[in-house]
Amino acid sequence: MPELPEVETIAVTLRNGRGGSPAILGHTILQARLLWERSLATPSPSEFYDRIAGQTILDIRRRGKFLTLRLSRYTLLVHLRMSGDLFVESTSAPIAPHHRLILDLSGGIRLAFNDARKFGRVWLVENPEGVLNSLGPEPLDDSFTFHDLHQMLRTHRRPLKLLLLDQSFLAGLGNIYADEALHRAGLHPLSFSSDLTLEQSEHLWRAIRQVLEEGILRNGASIDWVYRGGDFQNYFRVYQRTGKPCYNCGTAIERMVVGQRGTHFCPNCQPLK
DNA sequence: ACGAGCGCCTGTCGGC
DNA sequence: TGCCGACAGGCGCTCG
């Protein structure tokens with residue numbers, strides 16, 4: 001489910017608390033309970049239990065789609081993949097279905113990693129760079145300019161949709177925000193990256209930042225049975241709007257498959273040259 | 001270097 | 001009602 005705006009929303013919520021969900025910053029992890037072993041990427045469960053007990057949560061950030069919890073000595077990295085979520089709940093709450101990892105915290109609360117499809121992963125490491133080092137730049141960083149993006153696009157000859165989904169190219173975009181950004185930029189998902197003019201690259205750069213910032217403003221998107229409180233799904237212009245009229249021109253939105261992912265676009269606003 | 005195919009998993013939805 | 005395939009916000013792997 002989660003792309004950059006959803007992960008950012010979760011990071012901010014864990015850091016500051018939100019609507020009855022308390023902040024976990026400064027709390028100490030008393031013990032861990034792993035309910036699905038494969039949710040833990042590294043280390044082994046016994047080493048994980050030993051190392052995480054007594055660790056205090058000092059900072060919570062996001063890098064791409066990863067959540068990074070800086071602890072006293074280690075860093076806990078969480079990737080939610082398709083269906084993962086993090087909940088802060090009372091220690092006395094019943095264990096919900098699909099909870100995969102529970103961290104009991106000081107103060108009578110716990111952090112629960114819930115993940116119906118079991119694709120999500122958790123890492124406990126001394127150096128987070130080992131996990132994060134292959135990620136591309138952060139699209140919302142002040143230092144990321146449209147000249148940077150143009151240069152990056154020119155060094156590949158790949159369909160735009162595939163590049164935007166490639167986390168080593170740019171970190172944080174997923175299927176929804178890639179489709180939305182391409183629509184706003186007026187670029188066909190199969191356009192070759194190396195063909196973009198500087199002006200088109202600037203449009204894409206602006207569109208990427210706009211959809212991500214708007215997604216964050218709306219606390220992310222909530223879809224299907226996975227709900228996290230955001231409402232950006234009400235502002236999609238192409239994603240899952242197959243057959244419905246484009247808000248710009250009225251043409252029916254089309255769906256195609258690119259890189260085994262459903263891809264939504266307006267054939268009129270996003271022509272393939 | 002690239003991209004297709006597949007595996008990992010559970011759940012929902014639409015068609016018959 | 002039940003079954004069955006398609007599909008789902010992701011990514012790592014193998015193989016051409």
Side-chain angles (χ1 to χ4, degrees), chain A residues 1-11 35-42 62-67 77-86 96-101 113-123 130-136 139 152-183 189-194 208 211-212 214-216 218-243 255-264:
Chain A
M1 91 196 279
E3 305 180 28
L4 186 154
E6 290 77 28
V7 179
E8 179 67 22
T9 299
I10 293 172
L35 305 178
W36 181 257
E37 279 209 10
R38 301 185 64 171
S39 296
L40 181 61
T42 191
R62 177 195 59 74
R63 171 74 173 103
K65 300 175 194 171
F66 286 84
L67 282 157
L77 298 164
V78 181
H79 198 303
L80 303 170
R81 297 279 180 97
M82 291 288 268
S83 61
D85 205 347
L86 288 172
H98 312 315
H99 273 12
R100 308 302 181 198
L101 172 66
F113 171 58
N114 184 285
D115 184 21
R117 290 179 71 179
K118 301 176 175 172
F119 291 164
R121 290 293 181 271
V122 170
W123 297 253
V131 179
L132 304 175
N133 60 10
S134 63
L135 291 177
M152 289 160 57
L153 291 165
R154 302 290 296 189
T155 62
H156 299 270
R157 182 167 182 81
R158 297 181 65 190
L160 288 177
K161 174 73 185 271
L162 291 177
L163 258 192
L164 294 183
L165 290 179
D166 184 342
Q167 300 300 297
S168 67
F169 179 78
L170 190 63
L173 284 178
N175 207 35
I176 291 178
Y177 292 89
D179 281 4
E180 294 295 322
L182 287 170
H183 179 257
L190 294 179
S191 297
F192 282 112
S193 55
S194 50
I208 289 168
V211 292
L212 293 176
E214 195 180 332
I216 291 171
R218 306 209 176 273
N219 296 316
S222 312
I223 293 189
D224 299 338
W225 40 281
V226 184
Y227 178 73
R228 72 170 60 266
D231 67 346
F232 188 57
Q233 71 279 6
N234 298 323
Y235 301 88
F236 293 164
R237 299 189 189 173
V238 286
Y239 184 78
Q240 286 187 347
R241 293 195 62 248
T242 308
R255 179 185 184 276
M256 64 192 299
V257 176
V258 181
Q260 287 115 271
R261 312 299 302 277
T263 296
H264 313 77

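Lettering of chains follows the sequences in order, A, B, ..., and the numbering in each one begins at 1. Values below: all heavy atoms of this structure, side chains included; hydrogens, waters and symmetry mates excluded.
Spacing between atom OH of Y239(A) and atom C1' of dG10(C) amounts to 12 Å, rounded to whole angstrom units. With rounding to whole Å, F169(A) atom CZ is found 10 Å from dC2(B) atom P. Following rounding to the nearest Å, L164(A) (CG) and dC11(C) (P) show an atom-to-atom distance of 13 Å. Taking atom CG of L80(A) as the reference point, atom C1' of dC8(B) lies 16 Å away to the nearest angstrom. Rounded to whole Å, the distance from NZ on K161(A) to P on dC11(C) is 13 Å. Atom-to-atom, CD1 of I176(A) to C1' of dC7(C) comes out at 14 Å; the value is rounded to the nearest Å. In this structure, CE of M256(A) is placed 11 Å from P of dA4(B), rounded to the nearest angstrom. If you measure from atom CZ of R121(A) to atom P of dG12(C), you get 11 Å, rounded to the nearest angstrom.
Residue H98(A) has a polar side-chain atom (N or O) positioned under 4.0 Å from OP1 or OP2 of dG11(B). One finds no side-chain N or O of R100(A) lying less than 4.0 angstrom from the OP1 or OP2 phosphate oxygen of dT10(B). Distances shown here put a side-chain N or O of R158(A) below 4.0 Å from the OP1 or OP2 atom of dG3(B). The phosphate of dC9(B) has OP1 or OP2 within less than 4.0 Å of a side-chain N or O from R38(A). Taking 4.0 angstrom as the limit, H79(A) places a side-chain polar atom (N or O) nearer than this to OP1 or OP2 of dC11(C). OP1 or OP2 of dT10(B) has at least one side-chain nitrogen or oxygen of K118(A) nearer than 4.0 Å.
A donor N or O paired with an acceptor N or O is not found under 3.5 Å between the base of dG3(B) and the side-chain atoms of Q260(A).
Between dC9(B) and dC3(C), the two P atoms lie 25 Å apart (nearest whole Å).
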Going through the distances and angles, do R157(A) and S194(A) end up as a side chain to side chain donor-acceptor pair (under 3.5 Å)? CA-CA 5 Å; R157(A) 182 167 182 81; S194(A) 50; 3.0 Å; yes
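Scanning all heavy atoms of the two residues, the minimum distance from L4(A) to A171(A) falls at CD1-O, 3.9 Å.
Aromatic rings from F169(A) and H156(A) are positioned such that their centres are separated by under 6.0 Å. In this structure, Y239(A) has its ring center at least 6.0 angstrom away from the ring center of F232(A).
Residues W36(A) and H156(A) both approach DNA chain B. Their nearest nucleotides, taken by heavy-atom distance, put H156(A) toward the 5′ side.
The side chain of P159(A) lies closest to dG3(B) when the candidates are dG3(B), dC9(B), dG10(C).
Under a 4.0 Å N-O distance rule, the pair D179(A)/R237(A) does not qualify as a salt bridge.
Residue ring and nucleobase are stacked for F119(A) and dC8(B), with a centre distance beneath 5.5 angstrom and an angle between planes beneath 30°.
The base-pairing partner of dC9(B), taking Watson-Crick or G-U wobble contacts with both distances under 3.5 Å, does not exist among the strands shown.
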